[in-house]
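What follows is a structure written as structure tokens; I'll ask about it next.
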Amino acid sequence: MKRIVHYVNQFFAGLGGEESAGLVPGHLAGATGPGRLLQTLLGEGAGIVATVYCGDDHFSENEEEATARLLELIAAAKPDLLFAGPAFGSGRYGLACAGVCRAVNAELGIPVVTAMALSNPGADLIRREIPVVRTGESSGDMRAALDQSAGLIARILTGETVAPGSEEGLIRGGRWNTRASRRAAERAVDLLLAKVAGGPMETEIPLPALEEVEPAPGIRDLGHAKVALVTTGGLVPRGNPDGIKSYLSTHFGAYGLESKEHLTADEFESVHGGFFTAAVNEDPNRLIPLDVLRDAVREGSLGGLHEYFYSTTGNGTPIETAAGMARDIAASLEEDGVDGVILTSA
């Protein structure tokens, strides 16, 4: 019988929700949580011999240490394959699945499979390296996700090679050369003729469908408007207490401005990983122009300033994840009676 180790977070290990997100790595014998259904779907040819787990916050804040410990636990079970997840749309869980899979693949040299939603930043991190089964956004898609995962695992355990993103049901990875029966020029002309004639056509490289957002109406009277500051430049209190990631960000922070006339370098820093942050770290007001806006309020050209600024990093963050953060920030600002936002970027 082939041996499988299953990686899950604290919730799917049955050890608690957010209150247990700081849980250190550990292991349980056999299958637990979603692993029980996966075991049933796999049948008698493969068995989940151990479940390893780690709290989402603990992994995010102690990635190197947590990964090393998880590798020890996984290696001790002598598996033929590691399965991580499904993480669905949970960003922290997805990034942990990605980190564990990448480490196991590199250090233990065994096949790895994970499953998560296209919007999950973990998928972007490893979709070119390992097979990532595409799931829905929530655990309501659990049965379908495990059905697809079990079939893929069974094939890999028989020795079949499955390239990342190479087939339907997997999140698209890189690109591969294949041999076609007709030249690219001929195929392109056929596509063009079909389009001109209004007939059916399908591109060989499908592009993402991006949502068109209608711009909000402008603020007519700034002198009576309350505005808020939002940035994708990764400005956070020194030490980054909320663990905002320098790339593939999954969440944002809200930081108080009340009683502050300007931001100081000893209080704030940028953790953005996609631009040279020295100028911002020297003077954070270059990213969050609090000093100028305080003057505008005193002069009467601006009605008021929200007492918090919101910050995340826009470095490689998937559109779906960014849109989710934007909705949460917008809901909070609307509740607080904010009329408009000044959005600054790196």
Side-chain angles (χ1 to χ4, degrees), residues 57 60-61 91-92 121 213-346:
D57 282 351
S60 176
E61 295 165 9
R92 289 173 302 162
V213 179
E214 187 75 23
I219 298 174
R220 298 298 181 186
D221 183 8
L222 281 172
H224 292 88
K226 179 182 179 180
V227 302
L229 284 159
V230 180
T231 185
T232 58
L235 194 72
V236 298
R238 285 207 167 267
N240 193 12
D242 294 316
I244 304 296
K245 290 187 174 292
S246 60
Y247 70 105
L248 293 173
S249 183
T250 59
H251 59 291
F252 60 86
Y255 306 111
L257 295 175
E258 196 172 5
S259 79
K260 294 184 187 295
E261 288 295 311
H262 61 277
L263 303 182
T264 62
D266 60 342
E267 287 184 282
F268 293 93
E269 63 179 332
S270 172
V271 294
H272 200 289
F275 75 99
F276 186 57
T277 59
V280 169
N281 291 339
E282 181 182 60
D283 182 2
N285 299 279
R286 289 168 173 158
L287 188 60
I288 292 291
L290 177 63
D291 49 357
V292 175
L293 292 176
R294 289 291 189 215
D295 289 342
V297 172
R298 277 190 289 269
E299 294 165 359
S301 56
L302 183 64
L305 191 62
H306 190 47
E307 59 268 28
Y308 291 92
F309 78 88
Y310 293 78
S311 180
T312 188
T313 55
N315 184 19
T317 302
I319 291 173
E320 293 87 351
T321 304
M325 287 191 276
R327 284 190 289 269
D328 291 342
I329 293 172
S332 177
L333 294 180
E334 186 176 28
E335 185 177 335
D336 290 336
V338 172
D339 299 300
V341 166
I342 297 174
L343 176 64
T344 68
S345 184

4.5 Å side-chain heavy-atom contact, Thr264 and Pro284: no
query: Using a distance-only test with no angle check, is there a side-chain donor-acceptor pair under 3.5 angstrom linking Thr232 and Ser345?
result: yes
field: Other residues, nucleotides, ligands: >12 heavy atoms within 6.0 Å of Phe252 CZ
entry: yes
query: Under 3.5 Å, side chain of Glu282 to main-chain N/O of Ala265, donor-acceptor pair present?
result: no
- request: Return yes if some donor-acceptor pair links the side-chain N/O of Asp336 with the main-chain N/O of Val338 below 3.5 Å, else return no.
  value: no
message: Atom CZ of residue position Arg298 - does it have more than 12 heavy atoms of other residues, nucleotides or ligands inside 6.0 Å?
response: yes
query: Is the shortest heavy-atom distance from the side chain of Ile329 to the side chain of Val341 under 4.5 Å?
result: no
field: 4.5 Å side-chain heavy-atom contact, Val227 and Leu305
entry: yes
query: Does the side-chain contact (heavy atoms from CB on, under 4.5 Å) test come out yes or no for Thr344 and Ile288, once each step is laid out?
result: CA-CA 7 Å; Thr344 68; Ile288 292 291; 4.2 Å; yes
- request: Taking all non-hydrogen atoms of both residues into account, name the closest pair between Ser270 and Val280 and its distance.
  value: CB-CG1, 4.0 Å
message: If you define the side chain from C-beta out and look only at heavy atoms, does anything of Leu287 sit under 4.5 Å from Phe268?
response: no
- prompt: Going by heavy atoms in the side chains, are Leu229 and Pro289 under 4.5 Å from each other?
  reply: yes
message: If we count only N and O atoms by modelled type, under 3.5 Å, do the side chains of Tyr308 and Ser332 hold a donor and an acceptor together?
response: no
task: Side-chain contact test, heavy atoms from C-beta onward, threshold under 4.5 Å: evaluate it for Leu235 versus Tyr255 and give yes or no.
output: no
Whether Asn315 side chain and Ser246 backbone form a donor-acceptor pair below 3.5 Å: yes
field: Spatial distance of atom NZ (Lys245) from atom OG1 (Thr250) [nearest 0.5 Å]
entry: 6.5 Å
message: Measuring only between side-chain heavy atoms, which start at C-beta, is Asp242 closer than 4.5 Å to Val236?
response: no
statement: dist Glu307:CD -> Lys226:NZ (nearest 0.5 Å) comes out at 5.0 Å
message: Could you report the tightest heavy-atom contact between Met325 and Thr312, atom names first, then the distance?
response: SD-OG1, 3.7 Å
- request: Could you pull out the closest heavy-atom pair between Asp57 and Arg92, with the gap in Å?
  value: OD1-NH1, 2.5 Å
message: Using 0.5 Å steps for rounding, measure from the CZ atom of Arg294 to the CG atom of Asn285.
response: 11.0 Å
- prompt: Hey, what do you get for NE2 (His224) to CG (Leu302), rounding to the nearest 0.5 Å?
  reply: 11.5 Å
message: Could you go through Leu263 and Leu257, starting from their C-alpha distance and side-chain angles, then the distance that decides it, and tell me whether this counts as side-chain contact (heavy atoms from CB on, under 4.5 Å)?
response: CA-CA 9 Å; Leu263 303 182; Leu257 295 175; 3.9 Å; yes
field: Basic-acidic side-chain contact under 4.0 Å: Arg238, Asp266
entry: no
message: Closer than 3.5 angstrom, by distance alone: can the side chain of Thr313 be matched with the main-chain N or O of Gly234 as a donor-acceptor pair?
response: no
- prompt: What's the verdict on side-chain contact (heavy atoms from CB on, under 4.5 Å) for His306 and Val230, showing C-alpha distance, side-chain angles and the deciding distance?
  reply: CA-CA 10 Å; His306 190 47; Val230 180; over 6 Å; no
message: Rounded at 0.5 Å granularity, tell me how far CZ in Arg286 sits from CG in Asn281.
response: 10.5 Å
field: Flag side-chain contact, heavy atom, 4.5 Å: Glu261 against Leu290
entry: no
